[in-house]
S.K.: 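I am attaching a structure below and will ask some questions about it afterwards.
For this chain, numbers begin at 1 and follow the sequence in order. From a predicted model like this one, the values you see are computed outputs, not experimental measurements.
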Amino acid sequence: MKRYRRLFLLPVDVVLVALSLVLAYLIRFEWSIPPDQRSMLALGVAVAVVVKPAFFFFSGFYRRLWRYASIPDLVHIVKAVFVACLAGTVVTLFFTHFQAYSRTIPILDWVLLNGLIMGRSLGWRVFLERQPRLRDRRGEPVLIAGAGMAGRMLLHEIRQNPDMNLWVVGFLDDDPGKIGARVNEVPVLGRIGDLRRLARLHHARKVIIAIPSAPS
């Protein structure tokens, strides 16, 4: 079900594809599209909203988990948008017999569409990551020993998995440079030696060790 739920991004991308091309024309012609270019714009939009989203769909664009978007995902966006824009331009030029088409338009369209798709992906990720935080305080208070990469990964997993029913109230770490700092909005409360006092203060009855190098 979650797999198909991501397809709601498809109609969003249809709107972004049309918006990108309109903006490209407006920028190219300094916000006043000449009458002889308006029919070209209409044809370009009609082609774009069919060709580009179809390419996104069949290239596996919507099978990616955007809540875990990383640099390789952004590179995939750039490549997919480039090929989609190229295909849309070729189809449009085929219908117009390569007449009266500004070569600047495809470049502007590619840059703008990249920005819009990346912005959409970032916004979707922020939205998804915001939801678990709204549920945080409903779980059992716990402390995490270790504010390094392992601790951050553990915090992320707890937030994304409501079935764990945990609420991370803070981190413990012996690195003095980390004490008082925040890891994804969760404070580093003190040293590991302060566990008893901090657990009592924050009503935490469990501590999860996230220090891979710690001895048994």
S.K.: Working to the nearest 0.5 angstrom, can you tell me the gap between Leu113 CG and Arg120 CZ?
M.R.: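 Answer rounded to 0.5 Å: 9.5 Å.
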S.K.: Got a salt bridge between Lys206 and Glu140, using NZ or NE/NH1/NH2 to carboxylate O under 4.0 Å?
M.R.: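 Answer for the salt bridge query: yes.
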S.K.: Do His202 and Pro141 come within less than 4.5 Å of each other through their side chains, counting heavy atoms only?
M.R.: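 SC-SC contact between His202 and Pro141 ruled out.
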S.K.: If we only count heavy atoms from C-beta on, is the Ile208 to Leu154 side-chain gap below 4.5 Å?
M.R.: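 The answer is yes; the side chains approach within 4.5 Å.
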S.K.: Any heavy-atom pair between the side chains of Asp175 and Asp173 that's under 4.5 Å?
M.R.: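 Side chain of Asp173 against side chain of Asp175, heavy atoms only: contact under 4.5 Å found.
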S.K.: So if you build clusters from Ile, Leu, Val, Met, Phe, Trp, Tyr with side-chain heavy-atom gaps below 4.5 Å, do Leu108 and Val15 land together?
M.R.: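 Shared cluster, no.
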S.K.: Rounded to the nearest 0.5 Å, how far apart are CG of Leu23 and CG of Leu112?
M.R.: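 Taking CG in Leu23 and CG in Leu112, the distance rounds to 6.0 Å.
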S.K.: Does Met164 CE have over 12 foreign heavy atoms under 6.0 Å away?
M.R.: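 Atom CE in Met164 is crowded, with more than 12 foreign heavy atoms closer than 6.0 Å.
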S.K.: Any side-chain heavy atom of Val22 sitting closer than 4.5 Å to one from Val45?
M.R.: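 They are in side-chain contact.
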S.K.: Do the side chains of Glu157 and Leu166 get nearer than 4.5 Å, heavy atoms only?
M.R.: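 Leu166 vs Glu157: side chains apart.
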S.K.: Please answer whether the main-chain N or O of Leu16 pairs with a side-chain N or O of Ser20 as donor and acceptor at a distance below 3.5 Å.
M.R.: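 No: the side chain of Ser20 does not pair with the backbone of Leu16.
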S.K.: Specify the closest pair of heavy atoms between Ile211 and Ala145, including all atoms of both residues, with the distance to one decimal.
M.R.: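 Shortest heavy-atom contact: CG1-O, 3.3 Å.
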S.K.: Please report the closest heavy-atom contact between Gly88 and Val51, naming both atoms and the distance.
M.R.: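 Answer, listing the atom of Gly88 first, then Val51: N-CG1, 4.0 Å.
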S.K.: What's the spacing between Leu201 CG and Arg197 CZ if we round to 0.5 Å?
M.R.: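 Here the interatomic distance stands at 7.0 Å.
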S.K.: Applying side-chain contact (heavy atoms from CB on, under 4.5 Å), run through Asp194 and Leu189 and close with a yes or a no.
M.R.: CA-CA 9 Å; Asp194 299 327; Leu189 300 172; over 6 Å; no
S.K.: Is there a path of hydrophobic side-chain contacts, each under 4.5 Å between heavy atoms of I/L/V/M/F/W/Y residues, joining Phe58 to Val81?
M.R.: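 Yes, one cluster joins them.
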S.K.: Less than 4.5 Å apart, any side-chain heavy atom of Trp167 and any of Ile158?
M.R.: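 Heavy-atom side-chain distance check fails, nothing below 4.5 Å.
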S.K.: Are Phe56 and Val75 connected, step by step, through hydrophobic side chains (Ile, Leu, Val, Met, Phe, Trp, Tyr) whose heavy atoms are closer than 4.5 Å?
M.R.: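 Linked, Phe56 and Val75 end up in one cluster.
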S.K.: What's the shortest heavy-atom distance between Phe55 and Ala84, and which atoms?
M.R.: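 Shortest heavy-atom contact: CD2-CB, 3.8 Å.
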S.K.: Taking atom CD1 as the centre, does Ile192 end up with more than 12 heavy-atom neighbours from other residues, nucleotides or ligands that are less than 6.0 angstrom away?
M.R.: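 Enclosed: over 12 neighbouring heavy atoms sit under 6.0 Å from CD1 of Ile192.
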S.K.: Start with the C-alpha distance between Ile144 and Val207, add both sets of side-chain angles, then the distance that settles side-chain contact (heavy atoms from CB on, under 4.5 Å), and finish with yes or no.
M.R.: CA-CA 6 Å; Ile144 295 180; Val207 57; over 6 Å; no
S.K.: Hey, quick one: are Leu26 and Met40 part of the same hydrophobic cluster, counting side-chain heavy atoms closer than 4.5 Å, chains of contacts allowed?
M.R.: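 Shared cluster, yes.
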S.K.: Is there side-chain contact between Phe29 and Pro34, with heavy atoms separated by less than 4.5 Å?
M.R.: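 The answer is yes, as the side chains (C-beta and beyond) meet within the 4.5 Å cut-off.
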S.K.: Could you tell me the separation between the OH atom of Tyr25 and the OG atom of Ser32, rounded to the nearest 0.5 Å?
M.R.: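 Rounded to the nearest 0.5 Å, the OH-OG separation comes to 14.5 Å.
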S.K.: Is it possible for you to say whether Val186 and Met149 belong to one hydrophobic cluster, with membership spreading through side-chain heavy-atom contacts below 4.5 Å?
M.R.: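 No; Met149 is not reachable from Val186 via cluster members.
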S.K.: List the atom of Ala204, the atom of Leu143, and the distance in Å for their closest heavy-atom pair.
M.R.: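 Of all heavy-atom pairs spanning Ala204 and Leu143, the closest is CB-CG, 4.0 Å.
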S.K.: Any side-chain heavy atom of Met118 sitting closer than 4.5 Å to one from Val78?
M.R.: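 Side chain of Met118 against side chain of Val78, heavy atoms only: contact under 4.5 Å found.
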S.K.: Please report the shortest heavy-atom distance between Ile77 and Ile117, naming the atom on each side.
M.R.: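 For Ile77 and Ile117, the tightest heavy-atom pair comes out as CG2-CG2, 3.7 Å.
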S.K.: Could you give me the CA-CA distance, side-chain angles and deciding distance for Lys79 and Val83, then say whether side-chain contact (heavy atoms from CB on, under 4.5 Å) is met?
M.R.: CA-CA 6 Å; Lys79 291 179 179 178; Val83 177; 5.6 Å; no
S.K.: Considering only NZ, NE, NH1 and NH2 on the basic side and carboxylate oxygens on the acidic side, decide whether Asp109 and Lys52 come within less than 4.0 Å.
M.R.: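 Counted as a salt bridge, because a side-chain N and a carboxylate O are separated by less than 4.0 Å.
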S.K.: Looking only at non-hydrogen atoms, find the nearest pair between Ala48 and Pro53 and report the distance.
M.R.: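 What the structure gives for the nearest pair is O-CD, 3.1 Å.
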S.K.: Main chain of Ile33, side chain of Arg38: is a donor-acceptor contact present, judged purely on distance under 3.5 Å?
M.R.: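 Confirmed, Arg38 side chain pairs with Ile33 backbone.
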S.K.: Yes or no on side-chain contact (heavy atoms from CB on, under 4.5 Å) for Asn184 and Arg159, after CA distance, side-chain angles and deciding distance?
M.R.: CA-CA 11 Å; Asn184 292 341; Arg159 282 179 164 174; 3.8 Å; yes
S.K.: To the nearest 0.5 Å, what is the distance between CD1 (Ile105) and CD1 (Ile27)?
M.R.: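 That separation rounds to 9.0 Å.
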